[in-house]
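Input: a single structure, listed below in structure tokens.
Here is the naming used below: chain letters follow the sequence lines, and residue numbers restart at 1 for every chain.
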Amino acid sequence: MDPAADAFAPPAAGWTPVSSRLATARRITLALAYVVVAAAGVVLAWTPLPRGWLIGYAVAALSILVWAWWVIGRRVRSFGFAERDDDLLVVSGVLIRRLVIVPYGRMQMVDLRAGPLDRRLGIATVQLHTAAATTDAAIPGLLPADAAALRDRLAARGEERTSGL
Amino acid sequence: MTQPRRTNPLSPLVQAAPALPAVALFLIGPGAGVVERSGVPLAVLVVAGAVLGYAVFVGVAWLAWWRRTFWIDADGDLRLDSGLLQRSARRLQLSRLQSVDIVSPFVARLAGLVEVRVEVAGAGDSRILLRYLTRAEADELRGHILELARREGEAESAQPDRGGLADPPGPAEVLAAVPAGRLVAGLLLRSVTAGMLIATVLLLVVTAFTQGPAGILLALVTGGLPILSVVTEFLANYGFRIARVREGLRIQRGLLSTQSRTIPPDRVHALSIISPLLWRRWDWVRVSVTIAGVEDDDVRPDVLIPVAPRAQALRLIAEVLPDVDVDALAFVSAPAPARWRSPLAWRLLACAITPQVIATRSGRLTRRTSLAPHARVQSVRVTQGPWERSLGLASLHADVAPGPVSLTARHLAEGQVRPLAQEETDLMRRARLLR
């Protein structure tokens with residue numbers, strides 16, 4: 001496709017990707033969900049159903065696992081952000097693609113979040129809030145030091161831009 | 001005003017009134033047992049019990065009333081001390097005043113009383129409700145608060161020119177009123193309501209032939225819901241009047257309880273001009289607005305006019321968004337491939353960006369044109385689903401404060417969306433810097 005027509009083209013400085021540890025975190029969550037799937041398979045083996053059912057179940061479960069594994073990789077690679085002079089750009093999504101542009105002057109609050117698994121793997125999420133509930137600008141999978149630095153930079157720029165009112 | 005004082009002494013009677021039917025209902029159940037044993041008529045028991053129960057509630061409300069005082073202190077803050085056991089002292093800085101409203105709920109109106117709501121800018125619970133005052137007291141208090149707020153506001157911001165705020169109070173100039181007949185017709189002909197009513201009629205005709213009870217039950221739902229919503233909306237918007245006053249636009253409406261609310265023009269974050277299919281032969285429209293402020297406020301206005309001829313509605317819009325000509329917006333329309341994604345509405349889907357506002361258009365049965373000044377847009381989003389991608393389309397969203405209005409221009413040509421998003425971002429930044 002003609003690059004000018006791509007609505008999700010990167011800005012001049014390019015997209016900053018997020019850490020591949022985010023994919024690890026999501027795959028661990030997926031694996032935990034698959035403990036339940038495996039348990040259901042064991043129960044199925046105990047029932048007097050024909051063998052064919054069990055094989056069908058295992059094939060379906062495994063192919064979904066492989067597909068989800070692959071999708072997580074693509075989804076994590078789809079995340080990117082760019083700090084421009086006056087605004088922040090966040091891009092994400094494979095099937096449904098999203099691009100959010102938030103001018104620094106509109107930011108009301110910048111959050112830094114990390115769940116227990118995130119902390120163990122060493123990643124964090126930076127979330128931006130504006131007066132609109134629909135803004136939805138979160139950057140997951142940042143290294144903690146990068147995340148803290150990004151949050152401080154964003155907060156400082158936000159203050160700079162709003163104090164000049 | 002500077003001395004602490006109580007609200008009107010009749011207030012406890014009004015505040016305890018909602019307990020009356022509850023007490024009566026509560027008594028009917030256990031009361032029936034007593035009637036069997038003692039032979040006292042049920043009606044006597046219920047009335048006597050309700051009066052007694054009401055008296056208890058009035059007693060509690062009276063104690064709370066006794067302990068509740070309000071005044072304006074030397075710093076020009078509105079203070080409210082209240083609470084029976086747990087005392088609370090609330091203080092509103094009037095220099096940050098957003099609105100003073102006089103509401104008259106049904107029961108209070110019977111006692112000739114009104115409620116005054118004072119709201120200031122700020123997160124969370126930043127308002128004081130004074131229940132209840134006489135109309136004259138309320139008007140006096142309101143005038144006093146507005147006067148104080150204006151003086152402090154002027155002292156704080158070094159902007160002497162705040163529109164017409166410095167003018168002496170003039171009579172309210174009525175800009176539009178909605179006749180009851182037009183209101184009923186408009187409510188009945190809204191797309192969803194009309195659709196459900198037609199479905200009900202069809203259902204009844206079919207049921208008449210098949211004689212099944214299920215159809216009747218379904219008809220009760222499909223017919224009952226829209227009628228319920230028409231009645232509620234009618235009660236709420238009866239006698240709708242919008243007038244220009246010093247502080248902005250004043251809306252008065254309501255049959256059982258009258259609401260009076262002022263919209264300061266600079267707090268309008270976004271608005272939608274909505275025209276359902278069946279309104280178009282009279283060229284009627286409805287205008288929804290998003291006003292920033294307290295989120296869970298039951299009297300926050302979300303309608304600028306419930307139903308009015310388009311020309312009149314546009315004059316009202318000019319009051320809140322001056323320098324915007326809604327009919328002269330240069331729309332960028334969705335391209336022909338959008339017909340495969342949205343076969344009915346694709347011709348209308350569009351986006352326009354002017355030096356003052358961003359506008360989006362959508363809808364087929366119910367057309368909707370939404371506008372937001374650049375200074376009020378919080379962020380810009382571009383989205384693209386798989387189907388849009390295969391057609392070379394993408395959607396543009398402008399995020400505004402929570403409310404009835406959302407701005408989405410769906411299925412535009414992919415090549416046009418990013419430049420539009422960039423243009424909007426630049427205008428947003430400049431609009432905010434100018435303020």
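Taking every heavy atom of both residues into account, B:Met428 and A:Pro103 meet most closely at CE-CG, 3.4 Å. Between A:Phe8 and B:Glu414 the shortest heavy-atom distance is CD1-OE2, 4.4 Å. When every heavy atom of B:Pro402 is checked against every heavy atom of A:Ala131, the shortest pair comes out as CD-O, 3.4 Å.
By number of non-hydrogen pairs under 4.5 angstrom with chain A, the leading residue of B:Ser406, B:Ala421, B:Ser395, B:Ala401 is B:Ala401.
Between B:Arg381 and the choices A:Val102, A:Thr134, A:Ile101, the side chain to side chain contact (heavy atoms under 4.5 Å, CB included) rule is met once, by A:Thr134.
The structure places CG of B:Asp399 at 6.5 Å from OG1 of A:Thr130, a figure rounded to the nearest 0.5 Å. In this structure, CD in B:Glu388 is found 9.0 Å from CD1 in A:Ile96, a value given to the nearest 0.5 Å. The CD atom of B:Gln384 sits 10.5 Å away from atom CG of A:Leu95, with the distance rounded to the nearest 0.5 Å.
Of the possible polar contacts, none joining the A:Arg106 side chain to the B:Ser379 backbone as a donor-acceptor pair under 3.5 Å is found.
Contacts of A:Arg113 classified as side-chain hydrogen bond (donor to acceptor under 3.5 Å, both in side chains), with partners at least two apart in sequence or in another chain: A:Gln127.
Using a 4.5 Å cut-off between heavy atoms, A:Val94 touches chain B through its backbone atoms (N, CA, C, O) alone. Proximity to chain B is limited to the side chain of A:Leu89, based on heavy atoms less than 4.5 angstrom apart.
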Using distance only, find each side-chain donor-acceptor pair of residues 68-78 of chain A under 3.5 Å and give its atom names and separation, not counting sequence neighbours.
from	atom 1	to	atom 2	distance (Å)
A:Ser78	OG	A:Arg75	O	2.6
A:Ser78	OG	A:Gly93	N	3.0

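Sorted by first and then second residue, the pairs that involve residues 85-101 of chain A and meet salt bridge (charged side-chain N to carboxylate O under 4.0 Å, His left out), not counting sequence neighbours, are A:Arg84-A:Asp87, A:Asp86-A:Arg161, A:Asp86-B:Arg429.
Contacts between residues 27-53 of chain A and chain B, counted as heavy-atom pairs separated by less than 4.5 Å, involve no residue at all.
Heavy atoms from other residues, nucleotides or ligands lying under 6.0 Å from CZ of B:Arg91 number more than 12.
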